[in-house]
Amino acid sequence: MQTIIASTYEVIQKLGAGGGGNVYLANHLRLNKKVVLKADKRKITTPAELLRREVDVLKNLKHPHIPQVYDFFVENDTVYTVMD
């Protein structure tokens, strides 16, 4: 059974889990590009605009030892971060 998240990401497999969340390998359906989705385990208590600001800062970081952050979104009270 395939899982589609946010009508955009098809989950291929679970890569791992930790204290902060679950990590999945997914395919971006429109771009046909593999990405990593991190599903945060914590409940949302931070306003979405603050989360957006944090992700905007992370998107601009370029370093070989830091995953490139592309986006974030909220679905069913779960915050997902999209990375390479």
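These numbers come from the heavy atoms of this one structure, side chains and all, not from hydrogens, waters or symmetry mates. Remember, it's a predicted structure, so these values are computed and weren't measured experimentally.
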**OP:** Any chance you could measure L37, atom CG, to E10, atom CD, to the nearest 0.5 Å?
**Re:** 11.5 Å
**OP:** Using atom types as modelled and distance alone, determine if a side-chain donor or acceptor of D71 lies under 3.5 Å from a backbone N or O of V82.
**Re:** no
Subject >> Under 3.5 Å donor-acceptor, K41 side chain and G18 backbone >> reply: yes
**OP:** Taking the side chain as every heavy atom from C-beta outward, state whether D40 and T81 have any atom pair closer than 4.5 Å.
**Re:** no
**OP:** Please answer: with hydrophobic residues joined when any side-chain heavy atoms are less than 4.5 Å apart, are V69 and L25 in the same cluster?
**Re:** yes
Subject >> Over all atoms of both residues, closest heavy-atom pair of D56 and N60 >> reply: O-ND2, 3.0 Å
Original post:
Is a side-chain N or O of E75 found less than 3.5 angstrom from the main chain of A6, in a donor-acceptor match?
Top reply: yes
Original post:
Would a hydrophobic clustering, with Ile, Leu, Val, Met, Phe, Trp and Tyr connected at side-chain separations under 4.5 Å, put Y70 with V23?
Top reply: no
Original post:
Donor-acceptor pair, Q68 side chain versus K59 backbone, under 3.5 Å?
Top reply: yes
Original post:
With a 4.5 Å heavy-atom cut-off, do L29 and I4 have their side chains touching?
Top reply: yes
Original post:
Would I12 end up clustered with L15 when hydrophobic side chains under 4.5 Å apart are linked, directly or stepwise?
Top reply: yes
**OP:** Treating Ile, Leu, Val, Met, Phe, Trp and Tyr as nodes and any side-chain heavy-atom pair under 4.5 angstrom as an edge, say whether F72 and Y80 lie in one connected cluster.
**Re:** no
Original post:
Which pair of heavy atoms, one from T78 and one from A39, lies closest together, and at what distance?
Top reply: CG2-CB, 3.9 Å
Original post:
NZ/K34 to OH/Y9 distance, rounded to the nearest 0.5 angstrom?
Top reply: 14.5 Å
Original post:
Of all heavy-atom pairs between D84 and V36, which one has the smallest distance, and what is that distance?
Top reply: O-CG2, 3.7 Å
**OP:** Treat each ILVMFWY residue as a node, draw an edge where side-chain heavy atoms are under 4.5 Å apart, and state whether V79 and M83 are in one component.
**Re:** yes
